[in-house]
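Report on the following structure.
Proteins come first, then strands; the chains are lettered A, B, ... in the order of their sequence lines, and each starts at number 1. Computation of the quantities below employed the complete heavy-atom set of this structure, encompassing side-chain atoms and omitting hydrogens, waters and symmetry-equivalent molecules.
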Number of protein chains: 2
Amino acid sequence: MATIKEVAELAGVTPTTVSNVLRDRGRVGTATRERVLNAVAAKGYRPNLNARALVERRAPTLALMLGCITNPFYPEFTLQTNNAARRHGRFLLVCNTDYEPDGGSGFLAEVAGSLSDGVLVANTGSLQVDELKSIQATGTPVVISVWEFPDVDPGIPCVAFDSHKAGYIATDHLLDLGHSRIGALVGSEKNGIHGGRYKGFCDALRARKVKHLKTDARFGTDSYQGGFDAALDLLTSTPDLTAIFVSNDLPALGALNAAASLGFNVPEDLSIVGITNIELTSQSRPALTTVAIPTAEMAEKSVDLLIKLASNDPDAPAMVRTADPVLIKRASTAAPKSRATK
Amino acid sequence: MATIKEVAELAGVTPTTVSNVLRDRGRVGTATRERVLNAVAAKGYRPNLNARALVERRAPTLALMLGCITNPFYPEFTLQTNNAARRHGRFLLVCNTDYEPDGGSGFLAEVAGSLSDGVLVANTGSLQVDELKSIQATGTPVVISVWEFPDVDPGIPCVAFDSHKAGYIATDHLLDLGHSRIGALVGSEKNGIHGGRYKGFCDALRARKVKHLKTDARFGTDSYQGGFDAALDLLTSTPDLTAIFVSNDLPALGALNAAASLGFNVPEDLSIVGITNIELTSQSRPALTTVAIPTAEMAEKSVDLLIKLASNDPDAPAMVRTADPVLIKRASTAAPKSRATK
DNA sequence: CTGTTAGCGCATTCAA
DNA sequence: TTGAATGCGCTAACAG
């Protein structure tokens, strides 16, 4: 690689001038500028981003922490984050924490120190907030990109969507269709990451005075297989359900296939609704009704917030709220048969 | 952030000693070592990776170029690549080229110069080989991670799998089941990226003296929707096909749903086989029979090769070949009905 | 075993 | 409008 010095020599100027030309700082005569540009082209010169980062005390990359890029939500989120980062001239360092022996703490510490100008956290699962705070304390800004609880301040700058409302909307949709015996598949502990979504479900039922039996809920893992297994279990033990609320799309897709494998016709025999609106929901058979979360908005706002923090903008908010979730009506929900034939 | 100098002062040693302790270079007394470690902990010190990269003339990151992380193959490949990179102590910079105004060339140039120690290219679609060569010429090693043609040297170090054999195996499977009227959905031009797979298809048919009509093939785009649309078209105009060979899983999944929407029962009325074995193939209904490509192996070997090149290992090969593709028999293929009822 | 010196490639003073 | 000096934080080479 050519260095700035070589280019400067070829152009008959000093490195300072080359640097000024390359960064459009003005203060350079047209003729000189021309000469420099030619020299740059001739040498195929590219500035060394590490050296620049070192002297500017800011890195050109942002780090995105996520559990595993393999979970379909993440690629979509990563793409949006990447694009937002690119708009700010940054690169994105993608950090899978799931396969790190220490759950990602070391990862975080290494990356946060110098490689990246800030850290976006998409998974609050494995990474503890305390850990994030200690990173923050070293001077590297941290933003929680996907925070489910707009009413709870995690103590770290975050972008929050209303998970309670998402659960509520999904459930309201089922109630509107006339369902009254609705099961719930939750991709976490009751008070875990999907706790807000589940609470929205419960509150929607309560608002219509529909009873929710403990036995109609399953708490498990947020995965396709998790949803599949839980649905198998739920539908086997409670076959008279006419609808299932699932706290996330991926397990909802699992539930969809589990239902089919048990001989249920979706949506005739059983309605299923998810949350998130990942791409796959429009590729399933039937396409999955879901409640869309503002993924792109979260990604953008996260990056914006992180950039603000990185530049010590004093009015960087502690929490940014997104637009409300919205129902995406597709083909996996319909009125219950019992009612239609009544 | 604390600097090495501060730590050194606190420990009463020089930066060199701190550096040596942190990198386990030996040459340090136990007592000193202890003092340094304490000072490091006390200050919460983390080495500045940029500074280190600058002086060591090697970056801690590897760049992975791909079209769009949203294509389900990429997350899986990215994960494997990431894990391999981590084993070498590197971080992974993920570069989506699809949304770059220049198709990724600038991206590549910036990243390759200094931010990363080498570039892995998973998409040979948009990026031209010439461009890769010019990057390589600047001294940054480049590896094509997913090369389809083991018999063709792209002129860049690469990891190749036998795409022809993949197509051949998929087709042989259909022939073995007794199909003789087989359609083809190809996710590229005839001589494009999936050309090897298609040639494998043709050669398998020819080997059994089964005729392949031009009208039974469609060349299009490598996407879910592409497969869906092409299958719709193909099945509408040629409903007497009993099987379809699809050059990639994603369009195969589209074809699966297109077939269902036309009232075909898969596999009773129609068999469908794909190539790659992405995770989704086991989550479709029916699960998709496919020919597995050694994704993890390619990722690992790519990283290994890149690392070799980065360290100027003289016996880094120009091409690494992977194990052969292997048939994954699932539920989307069966003997043709006509034959069963004959 | 530990310290000293030098410099990686660049941007930022300040001087001319 | 341009140049010279300085140092970002770290490691390498050598000296002691």
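Of the side-chain N and O atoms in Arg52(B), none sit less than 4.0 angstrom from OP1 or OP2 of dG9(D).
As a whole-Å value, the separation of Arg23(B) CZ from dG9(D) P is 17 Å. Rounded to whole Å, the distance from CZ on Arg25(B) to C1' on dT11(D) is 8 Å. In this structure, Arg58(B) places its CZ atom 11 Å from P of dT11(D), rounding to the nearest Å. Computed from coordinates, the Lys5(A) NZ to dA4(D) C1' distance equals 13 Å when rounded to whole Å. The separation between Leu115(B) atom CG and dG9(C) atom C1' is 14 Å, rounded to whole Å. Between the CG atom of Leu22(B) and the C1' atom of dA12(D) there is a distance of 16 Å, rounded to whole Å. The CG atom of Leu49(B) sits 11 Å away from the C1' atom of dG9(D) (whole-angstrom rounding). As rounded to whole Å, 10 Å separates atom P of dG3(D) from atom CG of Asn20(A).
The nucleotide whose nearest atom lies closest to any side-chain atom of Val28(B) is, among dG9(C), dT2(D), dT2(C), dT2(C). Across dT11(D), dG9(C), dG9(D), the shortest atom-to-atom separation from the side chain of Ser19(B) is found for dT11(D). Nearest nucleotide to the Arg57(A) side chain, out of dC8(D), dC10(D), dT2(C): dC8(D).
Within the 4.0 angstrom heavy-atom criterion, only backbone atoms of the sugar-phosphate kind lie near Thr32(A); the bases stay farther away. Contact annotation for Thr16(A): base contact, defined as any heavy-atom pair under 4.0 Å involving a base atom. Using a 4.0 Å heavy-atom criterion, one finds that Thr3(A) contacts the sugar-phosphate atoms exclusively.
With DNA chain D read from its 5' end, the first of the two nearest nucleotides for Glu56(A) and Gly29(A) is the one closest to Gly29(A). Between Leu54(B) and Thr14(B), it is Thr14(B) whose nearest contact on DNA chain C lies nearer the 5' terminus. Looking at which nucleotide of DNA chain C each of Arg33(B) and Pro15(A) is closest to, the 5′-most match is held by Arg33(B).
In this model, a donor atom of one side chain and an acceptor atom of the other lie less than 3.5 Å apart for Asn123(A) and Thr97(A).
When all heavy atoms of Ala299(B) and Ala84(B) are compared, the pair lying nearest together is O-CB, 4.4 Å. Contact record, Lys133(A) with Gly155(A): CE-O, 3.7 Å, taken as the closest heavy-atom pair.
Considering SG of Cys158(B) and CZ of Arg321(B), their distance stands at 8.0 Å, rounded to 0.5 Å.
Between the Glu6(A) side chain and the Lys43(A) main chain, no donor and acceptor come within less than 3.5 Å of each other.
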